[in-house]
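Below: one structure, written as structure tokens.
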2 protein chains.
Amino acid sequence: MFLSRKKGRAVTRPRSRRGGGRPTIADVARKAGVGAITVSRALREPGRVSEDLRRQIQAAVDELGYVPDPNARALASARTEVFGVLVPSLTNNVFAEVVRGIYDSLSDSPFRIQMGNTHYSGLEEERLLQVFALQRPAALIVAGIDQTPLSRKLLETAGCPVVQVMETGPDPVDMLVGFSHFDGGRTATEHLIEVGYRRIAFIGARMDPRSQRRLAGYRAAMEAAGLFDLRLVTTTPLLSSVTLGRELLRDALAKMPALDGVFCNNDDIALGVLFECHRAAIAVPKTIGIVGFNDLDMMQAAFPSVTSVRTHRYEIGRRAVAMALAAIAGQRPQQRVVDLGFELIHRESTAR
Amino acid sequence: MFLSRKKGRAVTRPRSRRGGGRPTIADVARKAGVGAITVSRALREPGRVSEDLRRQIQAAVDELGYVPDPNARALASARTEVFGVLVPSLTNNVFAEVVRGIYDSLSDSPFRIQMGNTHYSGLEEERLLQVFALQRPAALIVAGIDQTPLSRKLLETAGCPVVQVMETGPDPVDMLVGFSHFDGGRTATEHLIEVGYRRIAFIGARMDPRSQRRLAGYRAAMEAAGLFDLRLVTTTPLLSSVTLGRELLRDALAKMPALDGVFCNNDDIALGVLFECHRAAIAVPKTIGIVGFNDLDMMQAAFPSVTSVRTHRYEIGRRAVAMALAAIAGQRPQQRVVDLGFELIHRESTAR
DNA sequence: CCTTTTTATGGTAGCGCTACCATATTTTCC
DNA sequence: GGAAAATATGGTAGCGCTACCATAAAAAGG
């Protein structure tokens, strides 16, 4: 029910017309006997307010239960305490870990997180970036370095620190934390070659730019050893899954029955390959060697355990936040590109 | 009082002092030759503005590339276009799928998503809820029904639609979408009993409230069949993982070497149990039957494939959003509690 | 026809906060 | 000891938008 249906009756105290009655900075200022700005300063830059007033103000804040309104703050200062995070998938364990690192690093800062899911689509990424840029975020963290020209321009003109993650490269928009997928793919393949496998297949799903680079690394290693053959490569645009791994191994074997090793695009695929080997009674590592990518927990638990390229996803998230926070604080890091590397973890699936 | 500038320096056009030069609603209004409010209305409630003006305004908007500032909007209207989403884990596939459903359902709405990770902690949840409530979110979606009293009060007084997800029950804060973990646990266990297993273990990690209810369902089924024995239950507060599944099966076998069936808290554990069986040369399903929970993709691909309780995580996310949107639109659904159920998927791991 | 109601539009006044500048007060320096 | 510089505090004026009310014009009633 509303105050006045007809003629605006008497003045009816317009106090907190819409605000929901929460205490405002003015209430705190009044109670503490100081100016509103001083309260604002005491909260944001305590060093610039005298010990005395600071205590008074803190008392008033506590008593009233005052908490600053983030929207008003954002409007007045033209900047928000929001990190925009853009990833291609929410269910892919790899990005989930990066995001977890980001969350954990931000959990006791005043910053909030707004997440976007690009579904591996450049267009979707552009759209989300447009939306995010409007918020004047404190920082943007985006996966990958293969932005469309428009996306790249949006990032460059966002007016906030930008961290690209999950890759490495010479030309970041601003900052970059990750590792070389090419090197990862090459290292994995070289390992298979070293151990004695020869007809080594590449099996990959959803060939996003990172997968492409792993494939390029595989190819480089195979060519260097004089072993490359296009019929060894099996890919699909479908989303990666364990089931798909099984199917792809069947396809690969159909094309090339004699293959004796598999470098898998990722661990889900690798697990599917392993299961298919079980089902087809193919001995691992004797008949076929398997290497995965990312080293999810299950690779270690599998039977036989599976060799995989361990990547530091959680740490990537943490470093990205650390760099962004430093940049916000005005300290651009001397190192704009951080390569966190990877490690090949040798396990039973290639132990022969 | 201090109107005069003392040294009246030149007027220095205070235009867009902080705004970064983006066009504002006033710019659009000027260009279209209408009042600012009319622009605002044309954008939010086109029906209330005449066809004519609407076209003019749209033209001005397009020409200037105007996009409303969400912060100003939030401040003026005391409401944001943000969905707050609170989940206990970002890496747990189960919640990742719920979140994906939420994202997908919201992707072409004006609503943004702000996510929080409670790390399975009630305190953390309280803290995040406090923060979220300050934003005056458009809706809140939280996992579970076991909020602390404070959290529950925060939800009740949030002044927006609230959807609890992943469970079912008689007394939601506002709305509730999920299924019965108790029934899921019981059904899984009953299946094992029916097929002929007798010494059926329960193996579970991180016993959150949902796991507890699954355990209760297991217990109910076992007791009904006169088969319950405390030594059959193996749990740990550790976070769930495939590796942990292996270890827990070893523990369970140590306590009860004769066990012939396992109901696993979730699929990660189930996979670990399966691998441990392989490693210990225990025949599945002959010697031991295995049932998992959630029916992740890998259960179907595993060898042998693993019986599991399929839950509808993605759909839960979608329904939660649908209900919240309806409530925002003023149509509280007649059904405040939606039980999306589950299905037991019979597979090789219990086929005997 | 002249009211009463509806429809369309606009003006004003904030939402709660901070940037910018001004003023007072203290400290530093030669 | 007086001027200059540093420190502490506050007033004013918005940030860009929408709620509320007023007004004008058109439609509906009798």
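Numbered from 1 within each chain, the chains take letters A, B, ... in sequence-line order. Scope of the values below: all heavy atoms of this structure, side chains included, with no hydrogens, waters or symmetry mates.
Rounded to an integer number of Å, the gap from B/Ile25 CD1 to C/dT12 C1' is 15 Å. Rounded to whole Å, atom P of C/dG16 lies 10 Å from atom OH of A/Tyr66. Computed from coordinates, the B/Asn71 CG to C/dC15 C1' distance equals 13 Å when rounded to whole Å. Between the CD atom of A/Glu51 and the P atom of D/dT7 there is a distance of 17 Å, rounded to whole Å. Atom pair A/Asp52:CG and C/dT25:C1' shows a separation of 15 Å (rounding to whole Å applied). Atom CD of A/Gln135 is separated from atom C1' of D/dC17 by 15 Å (rounded to the nearest Å). To the nearest angstrom, P of D/dC15 lies 12 Å from CZ of A/Arg136. A/Arg41 has its CZ atom 14 Å from the P atom of C/dC21, to the nearest Å.
Side-chain contact check for B/Gln58 and B/Asp62: at least one donor-acceptor pair (N or O, by modelled atom type) lies under 3.5 Å.
Side chain of A/Arg79 to backbone of A/Ala74: no donor-acceptor contact under 3.5 angstrom is found. Side-chain atoms of A/Asp27 come within 3.5 Å of backbone atoms of A/Thr24 as a donor-acceptor pair (strictly under, hydrogens ignored). With hydrogens and angles ignored, the 3.5 Å screen pairs a side-chain donor or acceptor of A/Thr80 with a backbone N or O of A/Arg136.
OP1 or OP2 of C/dA19 sits under 4.0 Å from a side-chain N or O of A/Arg79. Look at B/Thr24 and you won't find any side-chain N or O under 4.0 angstrom from OP1 or OP2 of D/dC15. Taking 4.0 angstrom as the limit, A/Arg44 places a side-chain polar atom (N or O) nearer than this to OP1 or OP2 of C/dT18. For C/dA8, neither phosphate oxygen OP1 nor OP2 lies less than 4.0 angstrom from any side-chain nitrogen or oxygen of B/Ser50. In terms of phosphate contacts, B/Arg73 brings a side-chain nitrogen or oxygen within less than 4.0 Å of OP1 or OP2 of D/dT18. Put simply, A/Ser77 has no side-chain N or O that comes within less than 4.0 Å of OP1 or OP2 on C/dC17. Considering only side-chain N and O atoms, B/Thr38 lies under 4.0 angstrom from the phosphate OP1 or OP2 of C/dG10. Between A/Arg54 and D/dT9 there is no side-chain N or O to OP1 or OP2 distance below 4.0 Å.
Among the nucleotides C/dG16, D/dG10, D/dC17, the one closest to any side-chain atom of A/Ile37 is D/dG10. Among the nucleotides D/dT9, C/dG16, C/dT18, the one closest to any side-chain atom of A/Val49 is D/dT9. For A/Leu75, the listed nucleotide lying nearest its side chain is C/dG16; candidates were D/dG10, C/dG16, D/dC17.
Annotation: side chain of A/His119 is not in contact with side chain of B/Ser107 (no heavy-atom distance under 4.5 Å).
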